[in-house]
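Down below is the structure, laid out as C-alpha coordinates.
For clarity, every value in this text was computed on a predicted model and none was experimentally measured. For the numbers below, each heavy atom of this structure counts, side chains included, while hydrogens, waters and symmetry mates do not.
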Amino acid sequence: TNVSKLLSFHQAPRAISHHLRYPTHVRIVEVGPRDGLQNESRILPTHIKIELINQLSKTGLQTIEATSFVSPKWVPQMADHKEVVQGLPKQSEISYPVLVPNMKGLETAVSYFVEGKKSLVA
Ligand SMILES: CC(C)(COP(=O)([O-])OP(=O)([O-])OC[C@H]1O[C@@H](n2cnc3c(N)ncnc32)[C@H](O)[C@@H]1OP(=O)([O-])[O-])[C@@H](O)C(=O)NCCC(=O)NCCSC(=O)C[C@@](C)(O)CC(=O)[O-]
(Lines give C-alpha, C1' and ligand atoms only; values in the text may rest on other atoms or scores of the structure.)
Protein backbone atom coordinates (compact mmCIF):
# COMPACT_ATOMS: atom_id res chain seq x y z
CA THR A 1 0.00 0.00 0.00
CA ASN A 2 1.08 3.64 -0.25
CA VAL A 3 1.38 3.79 3.53
CA SER A 4 3.83 0.87 3.62
CA LYS A 5 5.80 2.48 0.77
CA LEU A 6 5.90 5.78 2.71
CA LEU A 7 7.01 4.02 5.87
CA SER A 8 9.56 1.72 4.29
CA PHE A 9 12.93 2.80 5.65
CA HIS A 10 14.75 3.61 2.42
CA GLN A 11 11.84 5.74 1.08
CA ALA A 12 10.57 7.38 4.32
CA PRO A 13 13.15 10.19 4.51
CA ARG A 14 12.62 11.26 0.89
CA ALA A 15 8.84 10.84 1.09
CA ILE A 16 8.58 12.77 4.35
CA SER A 17 11.04 15.50 3.37
CA HIS A 18 9.17 15.93 0.07
CA HIS A 19 6.05 16.90 2.06
CA LEU A 20 7.81 19.12 4.62
CA ARG A 21 7.52 22.84 3.97
CA TYR A 22 10.75 24.36 5.25
CA PRO A 23 10.66 28.13 5.75
CA THR A 24 12.46 30.13 3.09
CA HIS A 25 13.62 32.64 5.68
CA VAL A 26 14.80 32.31 9.29
CA ARG A 27 15.07 35.34 11.59
CA ILE A 28 17.63 35.01 14.36
CA VAL A 29 16.92 37.14 17.42
CA GLU A 30 19.92 37.45 19.74
CA VAL A 31 18.73 37.80 23.38
CA GLY A 32 22.03 37.31 25.22
CA PRO A 33 22.43 40.90 26.42
CA ARG A 34 19.05 40.59 28.17
CA ASP A 35 18.04 36.97 28.74
CA GLY A 36 21.63 35.92 29.28
CA LEU A 37 22.89 38.74 31.46
CA GLN A 38 19.75 38.82 33.65
CA ASN A 39 20.73 35.38 34.90
CA GLU A 40 24.33 36.29 35.69
CA SER A 41 25.01 36.41 39.45
CA ARG A 42 27.62 39.13 38.80
CA ILE A 43 26.22 42.44 37.54
CA LEU A 44 28.26 43.57 34.53
CA PRO A 45 29.22 47.24 34.18
CA THR A 46 27.11 49.08 31.62
CA HIS A 47 30.06 49.74 29.28
CA ILE A 48 30.76 45.99 29.07
CA LYS A 49 27.12 45.31 28.14
CA ILE A 50 27.30 47.99 25.45
CA GLU A 51 30.57 46.53 24.13
CA LEU A 52 28.90 43.09 23.98
CA ILE A 53 26.03 44.58 21.97
CA ASN A 54 28.49 46.40 19.68
CA GLN A 55 30.45 43.21 19.05
CA LEU A 56 27.25 41.26 18.39
CA SER A 57 26.21 44.07 16.00
CA LYS A 58 29.23 43.24 13.80
CA THR A 59 28.19 39.62 13.28
CA GLY A 60 25.40 40.21 10.76
CA LEU A 61 22.61 39.85 13.32
CA GLN A 62 19.60 42.03 12.49
CA THR A 63 17.87 41.89 15.90
CA ILE A 64 19.64 42.09 19.26
CA GLU A 65 17.55 42.34 22.42
CA ALA A 66 19.33 44.98 24.47
CA THR A 67 17.82 45.11 27.96
CA SER A 68 14.68 44.88 30.07
CA PHE A 69 12.62 47.66 31.63
CA VAL A 70 11.95 45.71 34.81
CA SER A 71 12.11 46.52 38.48
CA PRO A 72 15.72 46.56 39.75
CA LYS A 73 14.32 44.97 42.88
CA TRP A 74 13.45 41.89 40.86
CA VAL A 75 16.18 41.90 38.23
CA PRO A 76 19.09 44.07 39.45
CA GLN A 77 21.16 42.92 36.47
CA MET A 78 18.88 45.04 34.28
CA ALA A 79 18.83 48.13 36.52
CA ASP A 80 20.90 50.11 33.99
CA HIS A 81 18.35 49.67 31.21
CA LYS A 82 18.23 53.41 30.43
CA GLU A 83 22.03 53.69 30.25
CA VAL A 84 22.24 50.65 28.00
CA VAL A 85 19.67 52.14 25.63
CA GLN A 86 21.60 55.42 25.76
CA GLY A 87 24.71 53.55 24.63
CA LEU A 88 23.09 51.86 21.63
CA PRO A 89 24.29 52.91 18.17
CA LYS A 90 22.42 56.08 17.24
CA GLN A 91 21.82 55.10 13.62
CA SER A 92 21.66 51.46 12.73
CA GLU A 93 19.87 49.04 10.42
CA ILE A 94 19.81 46.67 13.38
CA SER A 95 16.79 46.62 15.70
CA TYR A 96 17.43 46.58 19.44
CA PRO A 97 14.20 45.50 21.12
CA VAL A 98 13.78 45.68 24.89
CA LEU A 99 11.67 43.50 27.20
CA VAL A 100 8.85 45.15 29.10
CA PRO A 101 7.22 42.64 31.51
CA ASN A 102 4.34 44.87 32.51
CA MET A 103 2.65 48.23 32.03
CA LYS A 104 5.03 49.97 34.40
CA GLY A 105 7.95 48.82 32.32
CA LEU A 106 6.18 49.90 29.13
CA GLU A 107 5.47 53.37 30.55
CA THR A 108 9.11 53.80 31.58
CA ALA A 109 10.38 52.57 28.23
CA VAL A 110 7.99 54.72 26.20
CA SER A 111 8.73 57.84 28.27
CA TYR A 112 12.45 57.28 27.95
CA PHE A 113 12.43 56.44 24.27
CA VAL A 114 10.25 59.45 23.44
CA GLU A 115 12.46 61.70 25.64
CA GLY A 116 15.59 60.20 24.17
CA LYS A 117 14.03 60.37 20.71
CA LYS A 118 14.99 56.76 20.06
CA SER A 119 12.66 54.56 18.08
CA LEU A 120 11.14 52.08 20.50
CA VAL A 121 11.29 48.59 19.07
CA ALA A 122 8.52 46.60 20.75
C1 LIG B 1 6.10 41.21 37.29
C2 LIG B 1 6.45 41.88 38.60
C3 LIG B 1 6.65 43.37 38.41
C4 LIG B 1 5.34 41.69 39.59
O5 LIG B 1 5.91 42.01 40.87
P6 LIG B 1 5.03 42.73 41.92
O7 LIG B 1 5.80 42.88 43.18
O8 LIG B 1 3.69 42.07 41.99
O9 LIG B 1 4.87 44.12 41.22
P10 LIG B 1 4.41 45.43 41.86
O11 LIG B 1 3.52 46.08 40.86
O12 LIG B 1 3.90 45.23 43.26
O13 LIG B 1 5.77 46.28 41.92
C14 LIG B 1 6.74 45.97 42.90
C15 LIG B 1 7.68 47.11 42.84
O16 LIG B 1 8.38 47.06 41.59
C17 LIG B 1 8.12 48.23 40.85
N18 LIG B 1 7.98 47.83 39.46
C19 LIG B 1 7.08 46.97 38.96
N20 LIG B 1 7.30 46.78 37.65
C21 LIG B 1 8.35 47.55 37.34
C22 LIG B 1 9.06 47.82 36.15
N23 LIG B 1 8.73 47.18 35.02
N24 LIG B 1 10.09 48.68 36.17
C25 LIG B 1 10.44 49.29 37.31
N26 LIG B 1 9.82 49.10 38.49
C27 LIG B 1 8.79 48.23 38.49
C28 LIG B 1 6.85 48.83 41.41
O29 LIG B 1 6.85 50.20 41.20
C30 LIG B 1 7.00 48.47 42.86
O31 LIG B 1 7.92 49.37 43.42
P32 LIG B 1 7.72 49.84 44.93
O33 LIG B 1 6.34 50.42 44.99
O34 LIG B 1 7.84 48.57 45.78
O35 LIG B 1 8.84 50.83 45.15
C36 LIG B 1 7.72 41.26 39.13
O37 LIG B 1 7.44 39.91 39.49
C38 LIG B 1 8.82 41.28 38.09
O39 LIG B 1 9.21 42.31 37.55
N40 LIG B 1 9.36 40.10 37.89
C41 LIG B 1 10.49 39.94 36.99
C42 LIG B 1 9.93 39.68 35.63
C43 LIG B 1 11.13 39.40 34.78
O44 LIG B 1 11.75 40.31 34.27
N45 LIG B 1 11.45 38.11 34.61
C46 LIG B 1 12.51 37.74 33.69
C47 LIG B 1 12.03 38.03 32.28
S48 LIG B 1 10.94 36.80 31.71
C49 LIG B 1 12.10 35.76 30.99
O50 LIG B 1 13.29 35.91 31.08
C51 LIG B 1 11.56 34.68 30.17
C52 LIG B 1 11.69 35.05 28.70
C53 LIG B 1 10.94 36.34 28.42
O54 LIG B 1 13.06 35.25 28.44
C55 LIG B 1 11.13 33.90 27.94
C56 LIG B 1 11.34 34.12 26.50
O57 LIG B 1 12.35 34.73 26.12
O58 LIG B 1 10.49 33.65 25.75
Side-chain angles (χ1 to χ4, degrees):
T1 66
N2 284 341
V3 172
S4 56
K5 281 185 189 149
L6 269 181
L7 294 179
S8 63
F9 178 72
H10 65 284
Q11 280 191 350
R14 271 200 308 278
I16 293 171
S17 62
H18 174 68
H19 294 293
L20 283 179
R21 291 278 174 268
Y22 291 111
T24 55
H25 179 76
V26 174
R27 181 176 175 221
I28 297 174
V29 178
E30 169 58 52
V31 296
R34 193 276 305 170
D35 207 10
L37 296 187
Q38 74 182 20
N39 293 309
E40 286 298 314
S41 53
R42 198 163 58 110
I43 295 178
L44 291 188
T46 305
H47 74 276
I48 299 288
K49 295 179 184 176
I50 292 168
E51 181 56 21
L52 169 65
I53 293 169
N54 288 338
Q55 292 302 322
L56 287 168
S57 300
K58 296 173 186 169
T59 62
L61 285 161
Q62 291 302 304
T63 310
I64 302 170
E65 191 179 56
T67 186
S68 173
F69 279 77
V70 66
S71 167
K73 295 181 185 175
W74 290 94
V75 190
Q77 298 87 337
M78 296 288 114
D80 59 351
H81 41 244
K82 287 189 179 179
E83 291 78 11
V84 168
V85 168
Q86 187 113 28
L88 292 176
K90 298 295 175 273
Q91 296 300 334
S92 171
E93 293 303 307
I94 299 170
S95 62
Y96 297 100
V98 297
L99 183 83
V100 285
N102 57 10
M103 280 311 291
K104 168 106 174 143
L106 181 61
E107 287 157 10
T108 309
V110 168
S111 67
Y112 176 67
F113 277 78
V114 169
E115 167 203 309
K117 296 183 182 46
K118 283 188 178 296
S119 57
L120 174 63
V121 181

Between [X] (side chain) and [Y] (backbone), is there a donor-acceptor pair under 3.5 Å?
{"X": "Q77", "Y": "E40", "value": "yes"}
{"X": "S71", "Y": "K73", "value": "yes"}
{"X": "E30", "Y": "G32", "value": "yes"}
{"X": "S111", "Y": "T108", "value": "yes"}

Side chain to side chain, [X] and [Y], heavy atoms closer than 4.5 Å:
{"X": "V98", "Y": "S68", "value": "no"}
{"X": "Q38", "Y": "R34", "value": "yes"}
{"X": "I53", "Y": "V84", "value": "yes"}
{"X": "L88", "Y": "N54", "value": "no"}
{"X": "L56", "Y": "P33", "value": "yes"}
{"X": "L99", "Y": "V70", "value": "no"}

**Request:** Decide side chain to side chain contact (heavy atoms under 4.5 Å, CB included) for Q86 and K82; before the verdict, give the C-alpha distance in whole Å, the side-chain angles of both, and the deciding distance to 0.1 Å.
**Result:** CA-CA 6 Å; Q86 187 113 28; K82 287 189 179 179; 5.8 Å; no

**Request:** Show the numbers, then the answer: is there a side chain to side chain contact (heavy atoms under 4.5 Å, CB included) between L61 and I28?
**Result:** CA-CA 7 Å; L61 285 161; I28 297 174; 3.7 Å; yes

**Message:** For N39 versus D35, what's the shortest heavy-atom pair and its separation?
**Reply:**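 In terms of heavy atoms, the two residues are closest at ND2-O, 2.7 Å.
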
**Message:** Between H47 and E51, is the side chain to side chain contact (heavy atoms under 4.5 Å, CB included) condition met? List the steps.
**Reply:** CA-CA 6 Å; H47 74 276; E51 181 56 21; over 6 Å; no

**Prompt:** Are I94 and L52 grouped together when hydrophobic residues (ILVMFWY) are joined by side-chain heavy atoms under 4.5 angstrom apart?
**Reply:**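 Yes.
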
**Asked** Are I43 and L37 connected in the hydrophobic side-chain network, where two residues link if heavy atoms are under 4.5 Å apart?
**Response**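 No, because I43 and L37 fall into different hydrophobic clusters, even though each may have its own neighbours under 4.5 Å.
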
**Listed partners of E93 passing side chain to side chain contact (heavy atoms under 4.5 Å, CB included), at least two apart** =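 E93 satisfies side chain to side chain contact (heavy atoms under 4.5 Å, CB included) with no residue once adjacent residues are dropped.
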
Find the distance between [atom1] ([X]) and [atom2] ([Y]) and round it off to the nearest 0.5 Å.
{"X": "R27", "Y": "S95", "atom1": "CZ", "atom2": "OG", "answer": "5.5 Å"}
{"X": "I50", "Y": "E83", "atom1": "CD1", "atom2": "CD", "answer": "8.5 Å"}
{"X": "N102", "Y": "W74", "atom1": "CG", "atom2": "CH2", "answer": "11.0 Å"}

**Message:** Between Y96 and T67, do the side chains contain a donor N or O and an acceptor N or O under 3.5 Å apart?
**Reply:**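 Not at all, the side chains of T67 and Y96 share no donor-acceptor pair under 3.5 Å.
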
